[in-house]
Structure formats: structure tokens, C-alpha cells
Amino acid sequence: MKWVYIEDIANYKDQDVEIRGWVYNKRSSGKIRFILVRDGTGLIQSTMYSAEKDHPLFFKFDELTQESSIILRGTVREEKRASGGFELNIKDLEIVQIAEEYPITPKEHGIPFLMEHRHLWLRSQKQNAVLQIRTELIKAIRDFFDGRGFRLMDTPILTPSACEGTTTLFETEYFDQKAYLSQSGQLYNEATAMAFGKVYCFGPTFRAEKSKTRKHLIEFWMVEPEVAFARLDDTIELAEDLIVFIIGRILEKKKKELEILERDTTPLEKVKAPFPRITYDDAYKLLKEKGSKMEYGDDPGSPEETLISEIFDTPVAITHFPKAIKAFYMQPDKDRPDLVLGVDILASEGYGELVGGGQRIHDLELLEQRIKEFNLPRDAYEWYLDLRKYGSVPHSGFGLGIERTLSWICKIKHIRETIPFPRLLYKIYP
Ligand code: 4AD
Ligand code: MG
């Protein structure tokens, strides 16, 4: 008999197939026994029918516990009332293992308990739906950049220098030297962009952020495009196109999962380019009108981001930040040298910053000066300065956080559910 996955079951109507999976739930009613089985790709109701109370299959059924692993063989029947539209009429049940008493029962559990059991929690339907969407999101991002001729460049994870400020660096030993886990592939991307024109990297990044919020992970995944000769406006357009593309793809391909998550997709359907663009100064004024206590020059925090995103019903791009709150590599504005050509794109519905990026300094002297002002060790950046000596050009790029984007798409309250095994402040188990 052919082993098939539940997501493909519609192709096997009235045929005999084998399903390998785990018991999600079971119940009996008179002469019928029901097993709700999951195989990772979906759930299917499977039934056994017999007039004899002591049918051998019924004895096996009685043994089954939640999450016991089984192999079912039977006939696929169309069943309008079953979720998914099909059920399996069981002819044979093979037990692979009878599971011990499963800690995650259908009753409610607290988050600390679920996080301790993250390795099992992943099996539940909602967690499954979120991570199925994650898979599609990553594929959509890759398709977007590959389709536009970007070259994928894998940047290193062990690095000798900081990209996003020295306060959030994870330090480690590198033989007789110090090394840091990468906060961003950007600096290396600037080199590959000069070698390949337009590039992107996609990998895990690390921030020893002491902030315990529902938007921060210690280890998160980021896609970072970088384009030689591109300026701030070009990179905003690219980010808008990317966001519109991935939302379109998820709405098209992940309807079932969005339904499981009870996501109202109306706000996502409104996501169209161009997004409203405001400067930091505009944002500051809007925040004041809303009663925010933020001082001019402060980095807008989570509450400020939420206030701004409540004003617009699509994502919004904020540009031209005070240079003191942004990284050393940001290109100053030619008319307002106190401001830099950076951009943050905030999601709608209060989901905060999805994208951070902008135009990079391409002038050697200016970059040298900024490295000094930031007290960065020049020798670690010698190679980076080289890029400003040999055919330097204006260039721009950004980083989009996968988990932030997924939280928003799924409307998940806390970012910890958007990655299989989240790394959180002081928490590394499991
Ligand atoms: O704004 P960030 O720090 O920008 C950079 O790292 C640039 N070097 C990117 C570039 O220009 N190539 O981070 C970019 C994005 C944020 O907008 C956010 O989506 C995500 O990365 N991010 C985090 N996601 C989860 N947890 C954290 N602690 C995050 N920090 C940043
Ligand atoms: Mg940022």
C-alpha cells in the first residue's frame, strides 16, 4: 500500500493508502471508533467500524494514547462533514509506539510550561500553522530576490567586529583572538555588492539585547539585500516591493494556516506600495500630538512605534533620523548633516519595526571620522575602509527580520512562537 501524506489525500479518493503519524485525539461512539491522526502535513479523521465489540482492531484502539505513533492502512473516502473533506476507513492499524502520558493535553497550559516543552508544543495545530507559514515566507523572500537577479552571498557568523553597536555583542573566543557572533551581514554584503552588483544574505543574527519585550529575540533570522549605486529612495522601493510580494504570496498559498490562526486578513490585503513616508521630524510631531513623552533626538521605542503604526493602516516608512541614534555607517543628509539617510519600516497593527536600513557612507574620510567618533578599533575595519578606496560608489540596503514579519502576518502576540526554538533573554532551554 502506498504511503501518502495527509496534505495530498485528495488525490487518493477511493484508493487504499497508508498514513504514518501520531494520535491527535480519539473517541468512540457505538460501533464506530474515531482516531484523529496527524502526520505533520495535516489532520485526518480515521474511522473503524465493526458490529463485534471484541474486534481485534478495537483492542488496539483501546491501547492508543495521545501522541502514540501509528501506521494506518485504509480507504480514502470523501466525507463532506469531516474537516479537510476526506476521511480514512481503517482496515489495519499498526502501533509503532504507545506514547507515555503526554504532558500537553487539550486543556489550557500556561506559557512557561509550554516554553519548557517547546520540543513537544511544536506538534500542536497552531504552532504548526505558524511554522508552515514561516517556511513559505522564507521561500517567498528567496524567490523575490532570485527573481530580480540578486546573488545570494553567505556572510560569516563569526566576526572580528561589530556592525550594529558594541552593546549587544556576543563575545566568544577565536583561538588567540576575540570574536563576536554576527549582528548583521551588512558590512560583508557591502563588499560583495561591489563584487556582484546586487546581493543578499540570509542567515541567523545575534544580539545580546537586555530588552525583554515581545518583539525581541536573542537569535533571529534576517534577510539583507545590498545594492551598489542605489540610494535611499531605491532601497525604500525595494523594501516595499518585497513586503507587498511576500504578503501576496502568503495570502495566496497559506489560506488554510491563516484560518487555523483565525487571522483576519483584511489589514494584510490593504498592504500596497508605496507606503506612506514620513521623516523622523514628522514622526516626532505626530507622537507629540498623540501625547507621547519622547524627547526630540530619542530613539523611538516600542510604545512610540505602536502609536505611529496606529495612525496608518498600512506599513509606514520613517526616514532621516538624528545621527546619534543610528549606526556609524549611515550616510548623512547633505542639507541636514545632523540627520542620516536611514529608513525604518514599521508594520501595521502595532507590530513595530520590520525593516531597518538606508544609504551607507561612501566617502573614505567621513567613514574614518565616524569610526573614530564611535571608538571602534580601526584595524578591525581596515578591509571595510578599503571598499571606499577602490571605486567607491553610493550604495544602500536593508535588513528585514523574519520573526517580526511572521509575528505580524500571523498576528501572534509574542515573537517566541515564530521560530522553532526561540532564544530568549537568559533562556536557552530546550
Ligand atoms: O535595524 P537593524 O538592527 O538593522 C541592521 O542590522 C542593518 N545592519 C540591516 C542592513 O541594513 N543590512 O535590524 C534589522 C531588522 C529589524 O528591522 C527587525 O525586523 C529585526 O532586524 N530585528 C530583530 N528581530 C528580532 N529580535 C531582535 N532582537 C531584532 N533586532 C532586529
Ligand atoms: Mg533598527
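Both ligands and their constituent atoms are indexed starting at 1 by order of listing.
- The proximity of Glu353 to ligand 1, defined as any non-hydrogen pair under 4.0 Å, involves the side chain as well as the backbone.
- Atoms of ligand 1 found under 4.0 Å from any heavy atom of Val355 (numbered from 1 in listed order, with element): 17 (O).
- Classification of Arg207 and Glu164 as a salt-bridged pair fails, no side-chain N sitting under 4.0 Å from a carboxylate O.
- Under a 4.0 Å N-O distance rule, the pair Glu136/Lys253 does not qualify as a salt bridge.
- Looking at Gln127, Arg118, Lys126 one by one, the single match for side-chain hydrogen bond (donor to acceptor under 3.5 Å, both in side chains) with Glu417 turns out to be Gln127.
- Residue, atom and distance of the protein heavy atom nearest to atom 7 (C) of ligand 1 are Glu164 OE2, 3.3 Å.
- Annotation: Arg207 places an N or O atom under 3.5 Å from an N or O atom of ligand 1; distance criterion only.
- Counting the atoms of ligand 1 from 1 in the order shown, those under 4.0 Å from a heavy atom of Gly399 are 9 (C), 10 (C), 11 (O), 12 (N), 14 (C), 15 (C).
- For ligand 1 and Glu224, the ligand atoms under 4.0 Å from any heavy atom of the residue are 8 (N), 9 (C), 10 (C), 12 (N).
- Atom numbering of ligand 1 starts at 1 in the shown order; those under 4.0 Å from a heavy atom of Gly357 are 11 (O).
- Scanning the protein for heavy atoms near atom 26 (N) of ligand 1, the closest one is Leu217 N, 2.9 Å.
- Salt bridge status for Asp146 with Arg151: absent, with no side-chain N to carboxylate O gap under 4.0 Å.
- The nearest heavy-atom contact from the protein to atom 19 (O) of ligand 1 is Leu354 O, 2.9 Å.
- A centroid separation of less than 6.0 Å is found between the aromatic rings of Tyr188 and Trp383.
- Between the Mg ion (ligand 2) and the N, O or S atoms of Glu353, the shortest distance is to OE2.
- Annotation for ligand 1: atoms under 4.0 Å from non-hydrogen atoms of Arg360 are 10 (C), 11 (O), 12 (N).
- The nearest non-hydrogen atom to atom 24 (N) of ligand 1, considering only Phe220, Trp221, Phe398, comes from Phe220.
- Between His117 and Phe113, the ring planes are tilted. Angles from 30° to 60° get that label.
- Taking 4.0 Å as the cut-off between side-chain N and carboxylate O, Glu226 and Lys198 do not count as a salt-bridged pair.
- Below 30°, between 30° and 60°, or above 60°: for Phe145 and Phe150 the angle between ring planes is above 60°, a perpendicular geometry.
- Residue Tyr329 touches ligand 1 through its side chain alone, judged by heavy-atom distances below 4.0 Å.
- Salt bridge Lys411/Asp264: absent, no basic N to carboxylate O contact under 4.0 Å.
- For ligand 1, the polar-atom distance check against Leu400 finds no nitrogen or oxygen pair separated by under 3.5 Å.
- We find that Glu259 and Lys254 are not joined by a salt bridge, their nearest charged nitrogen and carboxylate oxygen being 4.0 Å or further apart.
- Between Cys163 and ligand 1, no N or O atom pair is found at a separation short of 3.5 Å.
- The Glu209 neighbourhood of ligand 1 comprises atoms 27 (C), 28 (N), 30 (N), with distances under 4.0 Å to a heavy atom of that residue.
- Under 4.0 angstrom from ligand 1, there are no non-hydrogen atoms of Thr205.
- The backbone of Lys215, and not its side chain, has at least one atom closer than 4.0 Å to an atom of ligand 1 (non-hydrogen atoms only; backbone = N, CA, C, O).
- Between Arg370 and Glu368 no salt bridge is recorded (no basic side-chain N to carboxylate O distance below 4.0 Å).
- Atoms of ligand 1 lying under 4.0 Å from any heavy atom of Met222, numbered from 1 in the order shown and given with element: 6 (O), 13 (O), 14 (C), 15 (C), 21 (O).
- With a 4.0 Å cut-off on non-hydrogen atoms, Gln359 does not touch ligand 1 at all.
- In this structure, Met294 and Tyr284 approach most closely via the heavy-atom pair O-CE1, 3.4 Å.
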